[in-house]
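Within every chain, numbering begins at 1; the chains are lettered A, B, ... in the order of the sequence lines, protein sequences first and strands thereafter. Remember, it's a predicted structure, so these values are computed and weren't measured experimentally. Both backbone and side-chain heavy atoms feed into the values below; hydrogens, waters and symmetry mates do not.
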Amino acid sequence: MTTATLSPTTLSKAALFEAQAVKTSARRNRLLSLPALIIIGVFGVLPLIIICVYSFLVAAPYGGVQWQFSTDAYFNFLFQRDIFDDTLQFTPDFLIIYLRSFLFAVVTTIICLLLGFPTAYFMATRPPAQRNWWVLLITIPFWSNLLVRTLAIMFIIRDEGLINDALLALGVIDKPITMLYTNFAIQLGLLYAFLPFMVLPLYSSLEKLDFRLVEAAYDLYATRRQVLWRVIIPLSKPGIIAGCLLVFIPALGAYVTPLILGGGVHLMIGDLIAQQFGSGRNWPLGCAQALILMAAVLVALFFYVRNTSGKVQHG
Amino acid sequence: MAEPRVMDIKDQPGFRSIAVICLLVLYIPVLILMIFSFNSGSLVTHWEGVTLKWYGSAFLNEEFHSAAKNTLIISVTATIVSTICATLAAIGMTRVKPWRGLAAAFMVINLPLMVPEIITAVATLSFFALIAGVFGLNFGIGNLILAHTVFCIPFAYMPIRARLEDMDLTLEYAAADLYATPWNAFKRITLPLLVPGIMSGAALAFIVSFDDFTITQLVAGPGQTTLPLYIWNQIRRPMTPEINAISTILLLVSILFVSVSFLIARRRAK
């Protein structure tokens, strides 16, 4: 009662002070963001501009660039100049690697969603104390070293790894199944790497779910399945989109997973780009490839922004 | 007489089993990796008995020492610089009247989270190659510290900003009311209340720097091997359980810092 009578005055008083405080210190306070902005601007944004420029230059023979304008990098993405008759030939090698990576990323996103949604929902419906433990258990792999986690998968699926050893001992197979350095290995590694990236955003959206709506649906004779598909899933759409994005973007640009589990045979975009800066010695091509990947990411982000801003208007 | 079963409206069939399976799938491979670090045989896959010798040989290994030293120099410096910058930025972007360019500034801070790591890696490599070529500038290990600081800032920024937004402003107003100067109000009220957010942010910044592989691998010059790079070099040789021991150490460091950050954040929530 007292709080109800007091709060309007306190609030207006606070607002008055806030107005004064803001007037005197606003200009100075905003300068505080300068160090962070300068560091990211110089060492984060400027390098991105540099690779834009580099993608229009000519490769130097031993790595690096020569300052000479050329659109070869983009041409070489799709075409190769024939050495003998100087004609352009359509070579889809890079395009195929991009499409493969896209496919890997899509499959990873879908399977992570199919596994992650039930997990996140189960977590969100636990009593609070248990919930904290679940969140910690999912948070730990989220932040754990990706290289080490990928190594763990490698140990298990090697020819002399645990899975093959177990199957051999049980007599199911008489010679090891080759799993390492295959597409299967990359797909498994991607799923393993990014599953926590799906669960956590889904959880934070499901945790806020208003279960009175679920109750209302049951009161109106909805089945469990109907409640799931027509109430719970539509309400958690922002979390689903955020989770899919958090899995799709890093999966598309994955570098460590195909490097270790693909063994340099089955490339993804990430390895392809890195290769141009290493043994490929074609920096402009690598820059162009990086920018094409960036464009794909921006398209994904654009859909995200459009979907979420639409949500706010309707909600 | 059986009690009539009460339907739990929150239940969905099969979800519990999927959740348990996910947890097992996430932990079993890592646990196996850790268990084999105690394997007395010299093969990474066949169990022979319990020993601690691989930890011993890791700790006596010169290469491991220098990798650990480099990692600590880089991640501690990057954590300190990025946490200070992130704290200042969080104050400059929440305790102000919305300014023009605030949205753009927010995007710049979060940029390292949106760009795929491999792109950041080659861009940073190109950048340092350019300034080395044009100005003859090479900061040595400083290159890695700067690259790490960039992607650590948004990770440190998030929990600090969240804390600032949750904070009860009335205390700051009360301080101003009692004639505290803005600096005193900040030092005596805002900063102490902000400490959990800063610690949580610093812990996250430390983990992402400590664990980074992609950017470090491309930017690192000769002699700048960090622990993740050291593991990568070992993978390409015949492996002994020493690699499991070093991997286990890395995992334990991550687990420690995640738990610390998590517990601080939970305490705030209560």
Given that the side chain runs from C-beta out, which part of [X] has a heavy atom under 4.5 Å from chain A: side chain, backbone, both or neither?
X        : value
B/Ile207 : side chain
B/Ile32  : side chain
B/Ile153 : side chain
B/Val253 : neither
B/Phe155 : side chain
B/Tyr157 : neither
B/Thr120 : neither
B/Pro112 : side chain

So which of [options] has the largest heavy-atom pair count under 4.5 angstrom toward chain B?
options                                : answer
A/Asn145, A/Leu34, A/Leu291, A/Leu252  : A/Asn145
A/Ile50, A/Ile49, A/Ile249, A/Leu298   : A/Ile50
A/Leu146, A/Ile140, A/Val45, A/Ile260  : A/Ile140
A/Ile273, A/Val214, A/Leu228           : A/Leu228
A/Glu215, A/Gln289, A/Gln276, A/Met123 : A/Glu215

What residue, out of [options], has the most heavy-atom pairs lying under 4.5 Å from chain A?
options                      : value
B/Gln12, B/Glu172, B/Gln217  : B/Gln12
B/Thr149, B/Ile235, B/Asp212 : B/Ile235
B/Thr87, B/Val115, B/Ile91   : B/Val115
B/Ala147, B/Ala121, B/Pro228 : B/Pro228
B/Ser254, B/Ala123, B/Pro154 : B/Ala123

Of the non-hydrogen atoms in [X] and [Y], which two are nearest, and what is the gap between them?
X        : Y        : result
B/Met114 : A/Val297 : O-CG1, 3.8 Å
A/Thr119 : B/Ala19  : OG1-CA, 3.6 Å
A/Tyr255 : B/Ile118 : CD1-CD1, 3.8 Å
A/Pro47  : B/Thr124 : CB-N, 4.0 Å
A/Ser144 : B/Leu251 : CB-CD2, 3.9 Å
B/Ile243 : A/Leu151 : CD1-CD2, 4.0 Å

Side chain to side chain, [X] and [Y], heavy atoms closer than 4.5 Å:
X        : Y        : value
A/Leu115 : B/Val25  : no
A/Ile138 : B/Leu26  : yes
B/Phe213 : A/Thr150 : no
A/Phe277 : B/Leu125 : yes
B/Leu250 : A/Leu147 : no
A/Tyr54  : B/Val122 : no
A/Leu137 : B/Tyr27  : yes
B/Ile119 : A/Leu48  : yes

Can the ring centres of A/Trp143 and B/Phe262 be said to be less than 6.0 Å apart? no
Do side-chain atoms of A/Arg30 reach the backbone of B/Leu102 as a donor and acceptor pair under 3.5 angstrom? no
Can you list the steps and then say if B/Phe15 with A/Thr125 is a side chain to side chain contact (heavy atoms under 4.5 Å, CB included)? CA-CA 11 Å; B/Phe15 278 24; A/Thr125 53; over 6 Å; no
Side chain to side chain contact (heavy atoms under 4.5 Å, CB included) evaluation trace for A/Tyr121 with B/Ile18: CA-CA 10 Å; A/Tyr121 183 84; B/Ile18 296 179; over 6 Å; no
Determine whether more than 12 heavy atoms belonging to other residues, nucleotides or ligands lie under 6.0 Å from atom CZ of B/Arg100.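 No, the 6.0 Å shell around CZ holds no more than 12 heavy atoms from other groups.
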